[in-house]
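So the structure is just underneath, and the comments pick up after that.
Quantities reported herein were computed from a predicted structural model and do not represent experimental measurements.
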Amino acid sequence: MARKDALLRLTARLIARRDALRKALNGDLDTFRNFSELNPVGDNVDAAVDCANDEICSQLVEIESRELGQIEHALQRIAGGVYGRCEYCEGKIAEPRLNALPYTNSCIECQRENERAGQSRGLEPESKRWAKVYEKTAEEGESEKINLSDFEMDFSETGR
């Protein structure tokens, strides 16, 4: 009975955080759109500051979106009856870890290994992603060297 109560409290906590993130993301995106429409760019410095602010805002939205996805995944795991088990080794996730990070899907050992390998949930390591690019071979008759003079470049103000 204690486990069921703990899962119910945890579910309520995750749902509250999910709803707060959805509201924040909706507000962030609306504010971002309205600000861009209402504030025309002045000089180059203003444009640079606006660009930096836009980048920071987009990074925050990305982080919040990722957390929202992890919360949704945790809620699915609770519904499926597999919450608290590591998705990689099937071992039990320590309770202190679940209390600190309730939407985690891996035990601390697997998380450390994933970080060493450069992985995130469900993603292949960066080295493997880049290997696909490097493994691509040139078609018959094509040169593997790229000559930059073959490309036309426009450095004028209108060519941006």
Side-chain angles (χ1 to χ4, degrees), residues 1-139 160:
M1 192 65 156
R3 178 171 164 72
K4 185 176 180 179
D5 290 338
L7 280 176
L8 288 173
R9 283 193 308 275
L10 179 69
T11 302
R13 194 170 135 200
L14 286 170
I15 289 172
R17 179 66 180 152
R18 178 192 66 188
D19 294 344
L21 279 172
R22 284 180 178 170
K23 187 176 180 181
L25 281 169
N26 192 28
D28 288 347
L29 292 174
D30 288 342
T31 302
F32 181 68
R33 283 188 209 109
N34 292 337
F35 182 78
S36 296
E37 291 171 2
L38 297 176
N39 295 313
V41 176
D43 60 6
N44 288 343
V45 174
D46 290 337
V49 169
D50 287 346
C51 184
N53 287 337
D54 292 350
E55 180 66 25
I56 291 169
C57 183
S58 68
Q59 293 283 333
L60 291 173
V61 166
E62 182 182 341
I63 290 168
E64 289 173 344
S65 297
R66 191 176 319 129
E67 183 181 354
L68 182 61
Q70 291 171 329
I71 289 171
E72 292 287 350
H73 187 69
L75 290 170
Q76 290 171 355
R77 291 177 55 80
I78 290 171
V82 292
Y83 181 78
R85 291 273 172 206
C86 177
E87 286 187 353
Y88 300 99
C89 70
E90 302 288 322
K92 187 176 179 184
I93 300 173
E95 191 174 333
R97 180 164 170 77
L98 289 173
N99 287 332
L101 198 61
Y103 48 80
T104 189
N105 65 330
S106 60
C107 65
I108 194 71
E109 292 81 19
C110 289
Q111 183 63 35
R112 284 181 181 145
E113 183 58 35
N114 287 341
E115 288 174 2
R116 271 193 288 279
Q119 286 182 300
S120 184
R121 180 176 58 102
L123 298 178
E124 58 187 333
E126 186 175 341
S127 60
K128 285 187 180 177
R129 290 195 307 263
W130 280 107
K132 292 177 185 175
V133 174
Y134 294 130
E135 290 171 4
K136 194 166 188 118
T137 59
E139 297 289 323
R160 281 194 209 168

TODO: Can you measure from CG (Leu21) to CD1 (Ile71) and round to the nearest 0.5 angstrom?
DONE: 5.0 Å
TODO: Go through the structure and list residues passing salt bridge (charged side-chain N to carboxylate O under 4.0 Å, His left out) with Glu62, not counting sequence neighbours.
DONE: Arg66
Task: Exercise: identify the closest heavy-atom pair between Cys86 and Cys107 - done: SG-N, 3.5 Å
TODO: Quick one: list whatever passes salt bridge (charged side-chain N to carboxylate O under 4.0 Å, His left out) with Arg77, sequence neighbours left out.
DONE: Glu87
Task: Worked check of salt bridge (charged side-chain N to carboxylate O under 4.0 Å, His left out) between Glu113 and Arg116 - done: CA-CA 5 Å; Glu113 183 58 35; Arg116 271 193 288 279; 3.4 Å; yes
Open item on the list: Are the side chains of Arg97 and Ser106 in contact, using a 4.5 Å heavy-atom criterion?
Closed with: yes
Open item on the list: Can you tell me how far apart CD1 (Ile63) and CG (Leu25) are? Round to the nearest 0.5 Å.
Closed with: 11.0 Å
Task: Non-hydrogen side-chain atoms of Ile78 and Leu14 separated by less than 4.5 Å - done: yes
TODO: Name all pairs fulfilling the side chain to side chain donor-acceptor pair (under 3.5 Å) condition that reach into residues 12-22, sequence neighbours left out, sorted by first residue then second.
DONE: Arg17-Glu67, Arg22-Glu72
Task: Whether Tyr83 side chain and Pro102 backbone form a donor-acceptor pair below 3.5 Å - done: yes
